[in-house]
Amino acid sequence: MKKLGLLPRIAIAIVLGILIGLIAPQCLGELCATFNAIYGQFLGFMIPMIIIGFVVPAIGDIGARAGRLLVVTALLAYGFTVFAGLVSYTTGSIIFPGLIAGEAEVAVAESAGKLSPWFTVEMPPLMGVTTALVFSFLLGLGIAFSSGNALRKGMEEFRDIVSKAINTAILPLLPVYIFGIFLCMTVEGEVGMILKSFIKIIGIIFLLHVFVLVVQYCIAAPFARRNPFRMLYTMLPAYFTALGTQSSAATIPVTLRQSIRMGVREDVAGFVIPLCATIHLSGSTLKIVACALAIMIMHNQPHDLPLFIHFVMMLGITMVAAPGIPGGAIMASLGVLQSILGFDQEAIALMIALYIAMDSFGTACNVTGDGAIAAIVDRVS
């Protein structure tokens, strides 16, 4: 089982959770609900740690390399990321209600018999999400503009500790958590409605990825003075490499090579592409916004434009700190999902499962869009 990647393990967990949930007795459902409650408490405890552990070193590192190219690259990456999130919200708010029409009421009716855990262990986080974000920005900027290295090294070591906790505790138990969530939803009668809705929504998310990439290269084309579709075609090897690796960092050599072949100067590409592998996450943001909106529509929660503008703007910032692990972007976004959209444990588990199920496509969109940013920066410089 350890040899399998995270995506296959989560896929197996979802299938087993649904199949076993069809015949599971009440006591098994309550056992899973108990595990989910404890794991959810631990995940909630870790969220401020994840924010501090990854945001502080990321801001400190970016600030230490401050310069004209960095500012232009960071603004473009943030702008493209926010644009993708708002496109996702606008499209979803128009299309999703029709796809999920009549199903939100079913979810409310069927949730009356929810399973209760036997017990739980309270693990209150050391601070709230907003406090953790403000603290991280303050500390990160202080590290960026200070001459000392002690605090910088200390935060890098803290980041390593948090990363170790994610890799040895959170991710290995994540398939068990997803299994429990889907088993409980099957016992409660909700899983059919959720799967039926999200199969339709996944197709729309893929089409949105294509649209966002076309727009990005149409914006870059006047700067590069090239055909946008020919530029996009040149970057396709990076797209397909990312589909296989599920990692922006692992795809850097291919993205770098294709950007140079597209006409970007080697020194500019060598600066922009590795930086964008960390700070440009249009595809990931698009997926998170679409899935979050669908879940909120499904449960009749308010999802107005000002709320999602706030969410997307904060998401674009916190995604800069996404750890370089499978599903790292969704881990970095858990704080804003909780604090801004008010997601509970079950909604967060659904978000993690849905995000990782489409992780390859989001990563491929991210790295392919890096080429468009490199072309614009090349012209500006």
Side-chain angles (χ1 to χ4, degrees), residues 45-78 81 125-171 247-253 255-256 266-281 284 313-336 366-367 370 373-374 377 380-381:
F45 173 80
M46 285 298 299
I47 286 172
M49 302 288 193
I50 293 172
I51 292 172
I52 294 171
F54 289 105
V55 171
V56 173
I59 293 178
D61 184 48
I62 291 173
R65 294 182 288 162
R68 184 164 174 259
L69 281 185
L70 174 70
V71 172
V72 172
T73 305
L75 288 176
L76 283 171
Y78 182 72
T81 298
L126 297 178
M127 62 183 74
V129 170
T130 304
T131 303
L133 281 169
V134 174
F135 176 75
S136 299
F137 282 115
L138 180 63
L139 194 57
L141 290 172
I143 289 173
F145 295 103
S146 67
S147 57
N149 287 319
L151 190 54
R152 183 190 304 274
K153 290 180 180 178
M155 292 310 304
E156 289 172 354
E157 291 177 3
F158 182 69
R159 177 188 60 195
D160 294 340
I161 292 171
V162 173
S163 182
K164 190 73 172 176
I166 292 173
N167 284 309
T168 58
I170 293 178
L171 292 183
S247 169
S248 297
T251 313
I252 286 175
T255 314
L256 186 61
E266 189 171 347
D267 57 337
V268 174
F271 172 80
V272 173
I273 296 303
L275 179 61
C276 282
T278 303
I279 67 174
H280 174 233
L281 294 117
S284 300
M313 299 288 281
M314 291 302 298
L315 189 62
I317 295 172
T318 56
M319 295 282 268
V320 171
I325 54 177
I330 189 65
M331 291 297 171
S333 70
L334 294 182
V336 288
N366 295 339
V367 301
D370 294 348
I373 295 176
V377 174
V380 170
S381 67

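If you're wondering where the values come from, they're calculated on a predicted model, not measured in any experiment. Just so it is clear, the values below take in all heavy atoms, side chains as well, and ignore hydrogens, waters and symmetry mates.
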**Student:** Any chance you could measure Ile273, atom CD1, to Thr255, atom OG1, to the nearest 0.5 Å?
**Tutor:**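 Between Ile273 CD1 and Thr255 OG1, I get 6.0 Å after rounding to 0.5 Å.
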**Student:** Can you find a heavy atom in the side chain of Ser333 that is under 4.5 Å from one in the side chain of Leu315?
**Tutor:**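 When only atoms from C-beta onward are counted, Leu315 and Ser333 do touch, with a gap below 4.5 Å.
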**Student:** So which atom in Pro57 and which in Arg159 form the shortest heavy-atom distance, rounded to 0.1 Å?
**Tutor:**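 Looking at all heavy atoms of both residues, the closest pair is CB-NH1, 3.6 Å.
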**Student:** Measure the CD-CD1 distance between Glu156 and Ile161 for me, rounded to the nearest 0.5 Å.
**Tutor:**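 Going from the CD atom of Glu156 to the CD1 atom of Ile161 covers 12.5 Å.
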**Student:** Which pair of heavy atoms, one from Tyr78 and one from Met313, lies closest together, and at what distance?
**Tutor:** OH-O, 3.0 Å
**Student:** Quick one: CE on Met46 to CG on Leu334, what's the gap to the nearest 0.5 Å?
**Tutor:**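 Between Met46 CE and Leu334 CG, I get 11.0 Å after rounding to 0.5 Å.
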**Student:** What distance do Ile317 atom CD1 and Ile279 atom CD1 have between them, rounded to the nearest 0.5 Å?
**Tutor:**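 Here the interatomic distance stands at 12.5 Å.
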**Student:** Going by the rule side chain to side chain contact (heavy atoms under 4.5 Å, CB included), which residues pair with Phe135 if we only count those two or more places apart in sequence or in a different chain?
**Tutor:** Ile52, Leu139
**Student:** Check the pair Thr73 / Ile373 against side-chain contact (heavy atoms from CB on, under 4.5 Å), numbers first and verdict last.
**Tutor:** CA-CA 7 Å; Thr73 305; Ile373 295 176; 4.2 Å; yes
**Student:** Going by the rule side-chain hydrogen bond (donor to acceptor under 3.5 Å, both in side chains), which residues pair with Ser284 if we only count those two or more places apart in sequence or in a different chain?
**Tutor:** Tyr355, Asn366
**Student:** Look up atom CZ in Phe271 and atom SG in Cys276, then write down how far apart they are to the nearest 0.5 Å.
**Tutor:**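 These two atoms lie 9.0 Å from each other.
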**Student:** Test your reading of the model: is there a side-chain donor-acceptor pair from Thr81 to the backbone of Ala77, 3.5 Å cut-off?
**Tutor:** yes
